[in-house]
Amino acid sequence: MKQRVLLTGGAGYIGSHTYVALVEAGYDVLILDNFSNAARDVPKRLAKITGHEAVVVEANVLDRASLDRVFAEQKIDAVIHFAAFKSVGESVRKPLAYMQNNVVGLVNLMQAMDNAGVRRLVFSSSATVYGEAVELPTPETAPLSYGNPYGYSKLVCEQIIEQTVASDRGWTVGVLRYFNPVGAHPSGLIGEDPSGIPDNLMPYVAKVAAGELPILSVFGNDYPTPDGTGVRDYIHVVDLARGHVQSLAALERDGQGHVVNLGTGRGYSVLELIATYARASNRDIPYKIAPRRDGDAAASYADPSLAKKVLGFEAQYDLFDMCRTSWVWMQNSAETAE
Ligand code: WQD
């Protein structure tokens, strides 16, 4: 019997790629999204990639009644929870909105799940919970902290999950700490939503390469790193999506939860990413050195060994693949925007 998985935020960047990976792995998938941070034509594009109609419920995880209705009307075996705000900068400006959406949203979801007897969950967390990582590469046993309301909301969610699992009502939960998700599906049909001025490096570089933005500001070149610019563990979103399928399978197989990093274990600097993107897009990428950005760590990259041991997860794509697929998506989404 096919397992049926509900993806909250399933029309978003990571959610839509995970939808494809789950369908290709033989799961039956339902998307729940309020489209606050996802284009409304994503389900149509998912249908093009997978070959059949995506089942979508438009709802907000803050609306408890609608969540209860979904669990009452649909057979659901497990949930992957993506629906959350994820901008560090925005969280500093709107901390209460982040606590409400990210923390109350999770509590609402887990209560609706518990009431319906659905207690298998994969939770989208972030390496942000390591704060300014003191240990590199960073293992899951590294001290947890937070440097902004977004990171704090993820930390609180992890602790709510930990206490719920300890209540011994039969919950099995996979907590996945993403490092820096980038890139796009090779079809060029789904990717990171290109609207507005991106906070993150890769989508910003993509827009400079496409000529939509004039120049990239490199936030600091005086860090204690090989070329002085920030080092991050970029992971291809298609690898990340596969990690969710492996997490779900591990919960089913092992009957117990896990907390794992999803990263490659390899750090790349800002200048390395710029050079790789230029090669992958065959475009110049003008940049200037600018002051450091508040809250930025010099370097962050995962110790990926536990994910390999527990899930069998290993990233397959390299930085060139990440840049190449980002560029194909950038060109396609520019064409469809015309
Ligand atoms: C990467 C590097 C910047 C933009 C954030 C969140 C994290 C996760 C991923 C949600 C840094 C430099 C950036 C620019 C630059 N999000 N940079 N110029 O900050 O590592 O992680 O996004 O889960 O939680 O914290 O990613 O892409 O913003 O920055 O020089 O215009 O690029 O200084 O060294 P970050 P990023």
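In what follows, every heavy atom counts, from backbone to side chain, and hydrogens, waters and symmetry copies are set aside. Both counts, for ligands and for their atoms, begin at 1 and track the order of listing.
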Salt bridge (Lys or Arg N to Asp or Glu O under 4.0 Å) partners for R45, two or more places apart: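 Counting only residues at least two positions away or on another chain, R45 forms a salt bridge (Lys or Arg N to Asp or Glu O under 4.0 Å) with D41.
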message: Do the side chains of R324 and D321 get close enough for a salt bridge, i.e. N-O under 4.0 angstrom?
response: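 Result for this pair is no, no salt bridge flagged.
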- prompt: Does a side-chain heavy-atom distance below 4.5 Å link R266 with Y301?
  reply: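 Not touching, per the 4.5 Å side-chain cut-off.
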task: List in chain and number order the residues that pass ring pair (Phe, Tyr, Trp, His ring centres under 6.0 Å) with Y98, two or more places apart in sequence or in another chain; answer none if no residue qualifies.
output: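 Once residues adjacent in sequence are excluded, the partners of Y98 under the ring pair (Phe, Tyr, Trp, His ring centres under 6.0 Å) criterion are F85.
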message: What I want to check is whether the side chains of S326 and Y277 have a donor and an acceptor closer together than 3.5 Å.
response: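 There is such a pair (donor and acceptor under 3.5 Å, judged by atom type) between the side chains of S326 and Y277.
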query: So which residues, sorted by chain and number, lie with a heavy atom under 4.0 Å of ligand 1?
result: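 The answer is K86, V88, S126, T128, Y150, N180, D199, N200, L201, L216, S217, V218, F219, G230, R232, Y234, V270, R293, D296, counting any residue whose heavy atom sits under 4.0 Å from ligand 1.
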Would you be so kind as to tabulate the donor-acceptor pairs closer than 3.5 Å made by side chains of residues 250-259, with sequence neighbours excluded?
unit_1	atom_1	unit_2	atom_2	d
E252	OE2	Y27	OH	3.2
R253	NH2	V310	O	3.2
H258	NE2	S247	OG	2.7

